[in-house]
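Lettering follows sequence order; numbering is per chain, from 1. Computed from heavy atoms alone, side chains included, the values below leave out hydrogens, waters and symmetry copies.
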Amino acid sequence: MTRLARKFYLREDVTEVSRELLGKVLCSQLDGKITKAIITETEAYAGIGDRASHAYGGRRTARTDPMYRRGGTAYVYLCYGMHHLFNVVVGDVDMPLAILVRAAKPLEGTDIMRRRRGQPGAARIGLAGPGVLSQALGITTDLTGASLLEDRVWIEDHRIAVDSQEVSVGPRIGVDYAGKDAHLPYRFSIAIDSVSIR
DNA sequence: CGAATGATATACT
DNA sequence: GTATATCATTCGA
């Protein structure tokens, strides 16, 4: 298992990278606690031409600034006043491409995740939904702008096989405001049970 | 189905 | 500086 290198993130084909993130392992080390989860669902946000993107039309503010940095940066923001959504920034400097991680399967530190979620008893199999995922991994807006090549949050390749046949493609969730771009096939997922360690 | 909940962007004075 | 609408969601009824 190896940590994804800068090269992985510098590509500008954001849908291709979104597909490749499936089966990769999102890791965090916060408060001295390590948690890891296998990514099972992603959504691509294709930069200044994408009405659904926060960077649409080249908009750049204090919040969206991390998206304009080099690929391999984290972009985390608060949504609906209570959910921290985690994104992976892709492409080179001034290419505001990002990938929202929507769901994952706990791999390591599942007890810590349960405790963070405040559900001591109920062991949920999956982390379905970007807010829940961030909460389980302890990701907050403190991490926006953090490098994925450092030791707070990063992504590893555990050589989990994902056949292109088992990837489902569909429209993104919760972006009805984006008009025609709301229907773009930018959401990628794999069945949570299909992931297996090779 | 609908409330919760607060940072952020935008449009004002 | 102040006001207000909005949101890449979640959970429980």
Side-chain angles (χ1 to χ4, degrees), chain A residues 9 13-19 21-22 24 26 28 35 37 39-69 71 73-91 95-106 113-146 148 153 155 167-190 192:
Chain A
Y9 302 106
D13 187 336
V14 67
T15 56
E16 179 182 275
V17 179
S18 297
R19 278 176 178 272
L21 278 181
L22 297 174
K24 297 293 188 291
L26 177 60
S28 75
T35 49
I39 297 170
T40 58
E41 186 173 347
T42 59
E43 273 180 9
Y45 286 83
I48 63 176
D50 182 358
R51 285 190 63 97
S53 171
H54 291 163
Y56 175 62
R59 216 174 35 173
R60 181 168 187 165
T61 65
R63 178 179 64 148
T64 62
D65 186 72
M67 281 210 277
Y68 289 81
R69 302 199 204 152
T73 301
Y75 169 47
V76 186
Y77 71 96
L78 188 66
C79 189
Y80 295 108
M82 53 181 88
H83 301 296
H84 301 261
L85 271 52
F86 173 79
N87 300 251
V88 177
V89 176
V90 163
M95 296 280 309
L97 310 174
I99 301 170
L100 172 67
V101 180
R102 294 195 63 89
K105 177 178 183 174
M113 298 191 203
R114 263 198 300 275
R115 213 170 309 141
R116 284 191 178 128
R117 298 234 47 229
Q119 298 181 353
R124 279 176 76 163
I125 282 287
L127 301 173
V132 170
L133 172 79
S134 297
Q135 188 183 18
L137 291 187
I139 292 171
T140 68
T141 53
D142 288 349
L143 285 173
T144 199
L148 301 181
V153 57
I155 300 176
V167 176
S168 307
V169 183
R172 292 173 290 187
I173 305 276
V175 294
D176 300 338
Y177 60 88
K180 161 166 133 5
D181 289 344
H183 311 303
L184 291 171
Y186 280 1
R187 173 166 162 256
F188 307 93
S189 64
I190 52 178
I192 195 153

Participant: Report yes if a side-chain nitrogen or oxygen of R187(A) is closer than 4.0 Å to either non-bridging phosphate oxygen (OP1 or OP2) of dA8(C); otherwise report no.
Facilitator: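 Checking R187(A) against dA8(C): no side-chain N or O falls below 4.0 Å of OP1 or OP2.
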Participant: Indicate, yes or no, whether a donor-acceptor pair under 3.5 Å links the base of dA8(C) to the side chain of H83(A).
Facilitator: no
Participant: Counting only Watson-Crick pairs (N1-N3 plus N6-O4 or O6-N4) and G-U wobbles (N1-O2, O6-N3), all under 3.5 Å, who is the partner of dT10(B)?
Facilitator: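 Here dT10(B) is engaged in a pair, and the nucleotide opposite it is dA3(C).
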Participant: At what distance, to the nearest 0.5 angstrom, does OG1 of T141(A) lie from CZ of R63(A)?
Facilitator: 11.5 Å
Participant: Check the phosphate of dT6(C) against R63(A), side-chain N and O only, distance under 4.0 Å to OP1 or OP2. Yes or no?
Facilitator: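 Checking R63(A) against dT6(C): no side-chain N or O falls below 4.0 Å of OP1 or OP2.
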Participant: L78(A) side chain: which of dA8(C), dT10(C), dA7(B) is closest?
Facilitator: dA7(B)
Participant: What is the distance, to the nearest angstrom, from the OH atom on Y75(A) to the P atom on dC7(C)?
Facilitator: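 The answer, rounded to whole Å, is 14 Å.
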Participant: To the nearest Å, give me how far apart OH (Y80(A)) and C1' (dG12(C)) are.
Facilitator: 18 Å
Participant: Please state how far atom OH in Y77(A) lies from atom P in dT9(C), giving the value in whole angstrom units.
Facilitator: 7 Å
Participant: In whole angstrom, what separates Q135(A)'s CD from dC11(C)'s C1'?
Facilitator: 12 Å
Participant: Need one value for R172(A): base, sugar-phosphate or nothing, where a base atom within 4.0 Å counts as base even if backbone is also close, heavy atoms only.
Facilitator: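 No contact.
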Participant: For Y45(A) and dA8(C), do the ring centres fall under 5.5 Å apart while the planes stay under 30° apart?
Facilitator: yes
Participant: If I take atom OH in residue Y177(A) and atom P in nucleotide dT9(C), what distance separates them, rounded to the nearest angstrom?
Facilitator: 8 Å
Participant: What's the spacing between F86(A) CZ and L100(A) CG if we round to 0.5 Å?
Facilitator: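 One gets 9.5 Å once the value is rounded to the nearest 0.5 Å.
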Participant: Once you round to the nearest 0.5 Å, how far does OH of Y68(A) lie from CD1 of I48(A)?
Facilitator: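 Spacing of OH (Y68(A)) from CD1 (I48(A)) equals 7.5 Å.
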Participant: Which distance, rounded to the nearest 0.5 Å, do you find between the NE2 of H54(A) and the OG1 of T61(A)?
Facilitator: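 It is 9.5 Å, given to the nearest 0.5 Å.
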Participant: N87(A) has a side chain; which of dA8(C), dA7(B), dC11(C) sits nearest to it?
Facilitator: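 Nearest listed nucleotide: dA8(C).
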Participant: If we call it a pair only when both distances are under 3.5 Å in a Watson-Crick or G-U wobble match, what pairs with dC11(C)?
Facilitator: dG2(B)
Participant: Can you tell me the distance, in whole Å, between the CG atom of L133(A) and the P atom of dT10(C)?
Facilitator: 9 Å
Participant: Nearest whole Å is fine: how far is dT9(C) C1' from R117(A) CZ?
Facilitator: 12 Å
Participant: Which part of the nucleic acid, if any, lies within reach of L85(A) when heavy atoms closer than 4.0 Å are counted: base, sugar-phosphate only, or nothing?
Facilitator: sugar-phosphate
Participant: Between NE2 of H183(A) and CG of D176(A), what distance do you get to the nearest 0.5 Å?
Facilitator: 8.5 Å
Participant: From the options dA9(B), dT5(B), dT9(C), select the nucleotide whose nearest atom is closest to the side chain of I173(A).
Facilitator: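 From the listed options, dT9(C) comes nearest.
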Participant: Just how far, in rounded Å, is P of dT10(B) from CZ of R59(A)?
Facilitator: 5 Å
